[in-house]
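No hydrogens, no waters, no symmetry mates; every other heavy atom, side chains included, goes into these values. Keep in mind that this is a model prediction, so the values were computed, not measured.
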Amino acid sequence: MASSAAGRLPPPGLSTKISREVFVDKFYLCALALLLSLAAVPVFSTGEAPLNLKFAAPMPAPSVSVEELGLEAVYNSPVLIYHDAKTDRLSRQAASVLELMYRKAQGIVGIPLSVYGLVLVSDRKILPPKAREAHWLNVGGVPCLVRAPKEAALPFKDEFDAYLVFPFMVHESVDGGLKSALFKGSLTSATVTSRWWIEGIADYCATQACALFQKGACAYTRKGYLRALGQLGGAAAVDLESEKTWWPFSGALPHDVQHAYASANYVISAAAEKSGASWIRQTVERLRAEGAGKATSADFCRVAGEVISQDLRSAVRRVDVKAVEQFSRVIQ
């Protein structure tokens with residue numbers, strides 16, 4: 001859906017300072033939710049360099065209106081966090097950090113990111129009944145992750161909460177952005193080998209952003225990597241193009257294949273260490289120019305190899321487990 005820049009600003013007569021403001025006016029919250037629910041419309045941060053972002057499409061989850069949710073909101077463009085009085089400070093802090101992280105991630109990949117909202121409450125009992133057990137909610141059409149953290153301010157003491165609010169949100173925004181820009185939204189059986197570099201770039205962006213703006217937020221990631229690598233039974237290498245790497249058994253979930261995420265992040269990080277992170281953006285741009293929806297792992301390795309002057313395919317087919325373990329130990 002097309003829209004002018006003016007169409008993305010608050011309604012006439014209301015504050016145009018949309019960064020770092022708390023909105024309690026119910027009319028404004030409804031108007032804001034309507035604007036954000038237009039998932040194809042980029043969202044910009046006023047007074048700063050534009051961010052090319054969009055809110056992800058609604059997902060299969062309970063849906064509530066902004067009024068039905070009954071919470072205040074921090075809208076630190078492009079971050080949207082609904083909260084209660086006890087999580088107000090935490091939400092403001094998290095919004096500021098996430099904006100910096102999204103800027104870092106977009107600078108790396110150079111394509112529109114697909115971001116989600118957050119609902120941070122002190123007690124799930126204050127949520128509408130149908131939302132109290134939900135991990136995700138569609139709030140006014142915007143998919144939002146729901147958490148009830150114990151902290152009233154950063155940093156998170158709970159490693160899982162820190163992971164979900166920071167690296168997970170960045171990972172998902174990059175993952176969704178790459179799939180939207182290059183694969184029309186999702187992989188197919190013909191392009192599924194590209195999963196390794198999509199996940200690798202997404203985790204690379206997340207770990208890089210955390211190292212800069214929220215040290216310690218990737219502790220859960222680091223421990224998951226090392227635990228999974230330790231369960232490989234002495235395997236010397238990982239083949240990131242192998243279907244068994246990502247789906248070792250029917251119904252395998254992300255937490256079941258953290259060794260694959262670790263190995264993919266390592267390959268992307270090693271290339272960035274050698275050639276600079278700009279190779280990622282250049283490779284993505286060239287793949288987009290070749291046509292969306294058809295890139296395989298071989299295509300990515302061919303284009304990336306030309307950019308960084310390296311045989312990336314060989315590195316991808318045999319990732320040294322010991323090197324991945326050493327890499328994983330230093331993740332912050």
Side-chain angles (χ1 to χ4, degrees), residues 52 104-114 167 170-209 221 225 228 237-248 252 254 257-321 323-324 327-328 331:
N52 196 357
K104 175 65 177 178
Q106 180 144 53
I108 292 171
V109 295
I111 47 96
L113 304 184
S114 182
V170 175
H171 175 104
E172 291 302 300
S173 73
V174 174
D175 179 278
L178 287 169
K179 287 176 181 172
S180 178
L182 293 169
F183 299 97
K184 301 177 182 178
S186 61
L187 300 177
T188 66
S189 59
T191 58
V192 73
T193 55
S194 286
R195 180 180 177 185
W196 81 262
W197 59 264
I198 292 173
E199 305 287 12
I201 291 173
D203 262 14
Y204 171 76
C205 288
T207 50
Q208 289 292 305
T221 302
Y225 280 3
V238 171
D239 179 356
L240 284 173
E241 286 190 2
S242 170
E243 182 176 337
K244 289 186 68 176
T245 298
W246 295 99
W247 289 278
V257 291
Q258 284 302 298
H259 63 286
Y261 283 85
S263 300
N265 191 348
Y266 166 73
V267 171
I268 299 298
S269 299
E273 181 72 20
K274 178 182 177 181
S275 305
S278 62
W279 78 269
I280 298 172
R281 185 178 189 133
Q282 293 173 48
T283 300
V284 171
E285 287 174 349
R286 288 178 58 176
L287 287 172
R288 291 186 79 183
E290 290 188 0
K294 60 183 182 181
T296 63
S297 175
D299 294 323
F300 178 86
C301 290
R302 168 181 54 80
V303 173
E306 293 170 359
V307 172
I308 64 177
S309 300
Q310 176 186 338
D311 178 12
L312 194 62
R313 190 92 188 272
S314 296
V316 167
R317 299 305 304 270
R318 188 170 178 80
V319 187
D320 183 81
V321 170
V324 179
F327 160 78
S328 299
I331 288 174

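- Across all their heavy atoms, Leu182 and Val284 have their closest contact at CD2-O, 4.1 Å.
- Taking CD of Glu199 as the reference point, atom CG of Asp175 lies at 5.0 Å (rounded to 0.5 Å).
- Note that the CG atom of Leu240 and the CH2 atom of Trp197 stand 13.5 Å from one another [nearest 0.5 Å].
- Remark: the backbone N or O of Gly177 is not paired with any side-chain donor or acceptor of Ser180 at under 3.5 angstrom.
- Taking every heavy atom of both residues into account, Ser194 and Ser297 meet most closely at OG-N, 3.6 Å.
- Interatomic distance, CZ of Arg195 versus CG of Leu187, reported as 8.5 Å (0.5 Å rounding).
- Between Ser189 atom OG and Glu243 atom CD the span is 10.0 Å, to the nearest 0.5 Å.
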Between side-chain atoms of residues 269-280 and protein atoms elsewhere (two or more places apart, or another chain), which donor-acceptor pairs fall under 3.5 Å?
{"unit_1": "Ser269", "atom_1": "OG", "unit_2": "Asn265", "atom_2": "O", "d": "2.8"}
{"unit_1": "Ser269", "atom_1": "OG", "unit_2": "Asn265", "atom_2": "OD1", "d": "2.9"}
{"unit_1": "Ser278", "atom_1": "OG", "unit_2": "Gln282", "atom_2": "NE2", "d": "3.3"}

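- In terms of modelled atom types and a separation under 3.5 Å, the side chain of Glu241 and the main chain of Val316 share no donor-acceptor contact.
- Here the straight-line distance linking atom SG of Cys301 with atom CD of Gln310 works out to 9.5 Å at 0.5 Å rounding.
- In this structure, the side chains of Trp196 and Asp239 stay at 4.5 Å or more apart for every pair of heavy atoms.
- Note: Ile268 CD1 to Gln208 CD = 11.5 Å, rounded to the nearest 0.5 Å.
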Yes or no on side chain to side chain contact (heavy atoms under 4.5 Å, CB included) for Leu312 and Phe300, after CA distance, side-chain angles and deciding distance?
-> CA-CA 9 Å; Leu312 194 62; Phe300 178 86; 3.9 Å; yes
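- Two residues are said to be in side-chain contact when any heavy atoms from C-beta on lie closer than 4.5 Å; Val238 and Val321 meet this criterion.
- For Glu290, the side-chain contact (heavy atoms from CB on, under 4.5 Å) test picks out Leu287, Arg302, Val303, with sequence neighbours left out.
- Enclosure of atom NZ in Lys104 is not indicated, since only 12 or fewer non-hydrogen atoms of other residues, nucleotides or ligands lie within 6.0 angstrom.
- Closest approach of Leu113 and Ala105 over heavy atoms only: CD1-CB, 4.1 Å.
- Listed here is the closest heavy atom pair of Ala295 and Phe183: O-CE2, 3.1 Å.
- Between Gly176 and Ser114 the shortest heavy-atom distance is C-CB, 4.0 Å.
- Across all non-hydrogen atoms, the minimal contact from Thr245 to Pro248 is O-CD, 4.1 Å.
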